[in-house]
Amino acid sequence: MEKSFRTLSIKEKLEIICEEMVEKNLLIKEALKEFEKVYIEKALKKNKGNKKKASKSLGIHRNTLIGKINSLKIKQR
């Protein structure tokens, strides 16, 4: 019996996602950019848009986060 996606480890989930990216011939640069964008969006959502708290949870400086938000064109509420 197959595990549901929710019960898989992070590594197992990433393997599934990476397999799909490789099958679609997605360049690593684009894959990393997409991962970073989604990761930052989730951190911002968890911290209710508070950039200082989000940057701390990500382990980066607030100014670095703001730069990434701008370069990745992350929409803010």
Side-chain angles (χ1 to χ4, degrees):
M1 185 173 174
E2 250 183 71
K3 290 188 199 177
S4 75
F5 193 76
R6 277 200 177 278
T7 61
L8 295 174
S9 69
I10 292 174
K11 183 181 187 297
E12 291 169 321
K13 290 174 184 177
L14 283 171
E15 286 173 348
I16 292 168
I17 293 165
C18 289
E19 185 175 330
E20 184 177 338
M21 290 176 177
V22 169
E23 287 297 316
K24 292 183 177 181
N25 296 315
L26 187 64
L27 299 175
I28 193 166
K29 186 175 181 178
E30 290 302 314
L32 292 171
K33 183 177 174 182
E34 189 61 30
F35 174 83
E36 190 172 37
K37 182 175 182 177
V38 171
Y39 199 71
I40 289 170
E41 288 171 339
K42 295 296 180 186
L44 286 166
K45 183 177 180 182
K46 178 184 175 194
N47 291 284
K48 299 180 175 113
N50 185 312
K51 293 178 192 73
K52 185 175 182 178
K53 289 180 181 178
S55 66
K56 187 172 183 174
S57 74
L58 293 167
I60 61 176
H61 192 276
R62 185 178 165 277
N63 292 341
T64 302
L65 176 61
I66 291 169
K68 289 181 180 291
I69 288 169
N70 292 333
S71 69
L72 296 168
K73 297 180 176 82
I74 295 174
K75 295 179 183 170
Q76 302 172 65
R77 296 179 184 187

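Every heavy atom of this structure was used, including side-chain atoms; hydrogens, water molecules and symmetry mates were not. Quick caveat: nothing in here was measured; it's all calculated off a predicted structure.
When hydrophobic clusters are built by joining Ile, Leu, Val, Met, Phe, Trp and Tyr residues whose side-chain heavy atoms come closer than 4.5 Å, directly or via intermediates, Leu44 is grouped together with Leu72.
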Pairs of donor and acceptor atoms involving the side chains of residues 51-68, under 3.5 Å and at least two apart or interchain, shall be tabulated with distances.
from, atom 1, to, atom 2, distance (Å)
Lys51, NZ, Gln76, OE1, 2.8
Ser55, OG, Lys51, O, 3.1
Ser55, OG, Lys52, O, 2.8
Ser57, OG, Ala54, O, 2.8
His61, ND1, Asn63, N, 2.9
Lys68, NZ, Glu36, OE2, 2.6

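Cluster partners of Val22 are absent, since no Ile, Leu, Val, Met, Phe, Trp or Tyr has side-chain heavy atoms less than 4.5 Å from it. Connectivity analysis of hydrophobic side chains (ILVMFWY, heavy atoms under 4.5 Å, direct or indirect) links Leu26 to Phe5, Leu8, Ile16, Ile17, Met21.
Across every non-hydrogen atom of Glu41 and Ile74, the tightest pair is CG-CG2, 3.8 Å.
Applying the salt bridge (charged side-chain N to carboxylate O under 4.0 Å, His left out) test to residues at least two apart or on different chains, the pairs with a partner in residues 5-15 are Lys3-Glu12, Lys11-Glu15. Among pairs with a residue in residues 21-31, those fulfilling side chain to side chain donor-acceptor pair (under 3.5 Å) read Glu20-Lys24, at least two apart in sequence or across chains. Listed by first and then second residue, the ring pair (Phe, Tyr, Trp, His ring centres under 6.0 Å) pairs that reach into residues 18-50 are Phe35-Tyr39, sequence neighbours excluded.
Annotation: side-chain contact (heavy atoms from CB on, under 4.5 Å) contacts of Lys42 (sequence neighbours excluded): Val38.
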